[in-house]
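Below is one structure; the comments refer to it alone.
Along the sequence shown, the residues carry numbers beginning at 1. Both ligands and their constituent atoms are indexed starting at 1 by order of listing. Computation of the quantities below employed the complete heavy-atom set of this structure, encompassing side-chain atoms and omitting hydrogens, waters and symmetry-equivalent molecules.
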Amino acid sequence: MERITAKFGGSSLADADQIRKAAAIINADTARRYVVVSAPGKRFPEDEKVTDLLYQLYDEAENHKDWGETLLKIRTRFENIRDTLGITTDLDSEFALIEKNLREEPQRDYLASRGEYLNGKLIASYVGADFVDPKDMILFSGNGAFLEEETNRQVWEKLKRSRFAVIPGFYGAMLDGTIRTFSRGGSDITGSIIARGTASEVYENWTDVSGMLFTDPRIVDNPRTIDFVTYKELRELSYMGASVLHEDAVFPVRKAGIPINIRNTNRPQDQGTMIVPALPEDYVPAPITGIAGKKGFTNIYVEKSMMNVEVGFGARLLTIFAEYGLSFEHCPTGIDTIAVVINGEEFSRYEREILRDIRNELKPDVVKVEPGVSVIAVVGSGIVGHYGVAARVFKSIAEAGVNVLMIDSGAGEMCIIISVLDEDYERAVEAIYHEFNE
Ligand code: ASP
């Protein structure tokens with residue numbers, strides 16, 4: 001029987017109306033057997049997320065402040081959902097347990113997890129599914145490390161007998177039963193773990209956008225959505241923040257070769273973005289898949305005559321950065337030159353020490369620090385199969401009047417990395433976007 005894991009985010013489950021939409025999606029395909037849910041998110045822009053309220057509740061209790069009002073707000077949201085959906089789930093006993101925790105010894109992760117837990121209870125009852133608590137299958141060691149393989153076994157153990165289950169996202173438990181959450185946005189990770197553990201055909205991630213966008217919508221008006229993207233391309237795009245998914249959510253399904261489908265709860269007719277291990281054979285990729293980028297880098301440029309014969313020069317240079325705990329973004333090289341592109345804020349903390357070490361240890365002819373650099377990644381498996389993609393990228397940037405500081409083709413051929421000045425960043429991204437999308 002076909003199996004789908006469908007995860008719904010907080011905006012998809014923010015109130016009873018949204019939950020009805022999610023339920024219609026769940027009911028539209030009996031393969032959607034494993035449903036992972038977030039806590040109710042914002043209903044309107046100024047609204048509060050239930051998870052934020054729960055963290056506030058913990059802080060108030062921990063600091064011996066009055067938490068009554070915050071608890072009431074949370075309770076009212078769940079009671080509203082329950083009553084509007086017309087179900088009769090007992091919330092009194094659930095809130096009695098929460099109050100007991102607050103009075104006796106407030107536990108941060110336990111409290112934060114109650115948004116997913118309670119929403120899970122309500123949604124399971126509404127759609128007529130089993131409620132399966134992740135505390136018995138998503139496992140962490142005593143020091144909080146996620147136990148990947150043990151979890152994978154337990155997920156199947158606990159779910160194999162269920163035809164239809166709702167599982168709260170965001171948390172699991174340590175081996176002694178203490179609740180432990182993932183980092184914020186972590187229900188995405190739960191969805192991925194459940195998809196892997198149940199060997200689902202696809203991991204659907206339902207959110208409030210119709211997929212990943214080709215580029216940042218704050219720079220380009222209404223960029224088109226990406227229909228197919230490989231896991232590898234996604235990495236290239238997401239390392240600079242162009243992601244709709246929690247970063248750690250990719251690994252479990254990627255390991256199992258399960259595609260992720262990003263979908264829009266408010267527009268289920270849209271096919272969204274498929275994130276796949278490999279592109280379908282009959283699919284002809286566009287020259288580029290997407291453009292990501294980030295401002296605020298610093299370029300440290302080092303020049304030394306005959307650098308090319310000095311074995312280990314590059315390694316020694318990079319070791320200096322590593323010694324200060326800094327990881328570099330790019331490192332283009334020439335015959336007698338090497339540049340290290342690094343997060344500007346992090347670099348500025350150790351600038352004096354790093355420059356001193358470079359001068360002392362490497363005796364370079366020139367060291368220059370250039371702050372205010374943006375990095376743009378033009379990503380696409382299609383780059384390899386199309387002539388002239390690079391030429392078009394650079395022509396479009398030149399026509400926009402932007403000067404390119406540095407070019408790096410990445411180690412694979414899937415990515416062209418370009419540095420420009422921060423003030424030129426938006427113009428460059430826009431120019432590349434229009435070159436490939438008009
Ligand atoms: N509710 C949690 C958060 O707001 C987890 C999630 O929604 O993914 O971070």
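Counted by atom type alone, Ser192 and His246 present zero donor-acceptor pairs between their side chains at under 3.5 Å. The closest side-chain donor-acceptor pair between Asn101 and Gln107 falls under 3.5 angstrom. Of the N and O atoms on the side chains of Asn205 and Asp188, at least one donor lies less than 3.5 Å from an acceptor on the other residue.
Partner of Ser210 under the side chain to side chain donor-acceptor pair (under 3.5 Å) criterion, chosen from Thr273, Asp270, Thr225, Asn266: Asp270. Results of the side chain to side chain contact (heavy atoms under 4.5 Å, CB included) test with Trp67 over Glu62, Gln56, Arg103 single out Arg103 as the only residue that passes.
Atoms of ligand 1 found under 4.0 Å from any heavy atom of Lys49 (numbered from 1 in listed order, with element): 4 (O). Those atoms of ligand 1 with a heavy atom of Glu116 less than 4.0 angstrom away are 1 (N), 2 (C), 5 (C), 6 (C), 7 (O).
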Criterion salt bridge (Lys or Arg N to Asp or Glu O under 4.0 Å) on Arg224 and Glu438, from CA distance to verdict
CA-CA 11 Å; Arg224 67 177 185 82; Glu438 246 119 71; over 6 Å; no

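No part of His246 comes within 4.0 Å of ligand 1, judged by heavy-atom distances.
The protein heavy-atom contact nearest to atom 7 (O) of ligand 1 is Ser38 OG, 3.0 Å. Of all protein heavy atoms, the one lying nearest to atom 6 (C) of ligand 1 is Ser187 OG, 3.3 Å. Of the protein's heavy atoms, Arg184 NH2, 2.9 Å lies nearest to atom 4 (O) of ligand 1.
For the pair Arg114 and Tyr171, the cation-pi test (distance below 6.0 Å, angle within 45°) is passed.
Residue Gly185 places a heavy atom less than 4.0 Å from ligand 1. Ligand 1 is never approached by Gly10 to a heavy-atom distance shorter than 4.0 Å.
The shortest N or O to N or O distance between Thr51 and ligand 1 is below 3.5 Å.
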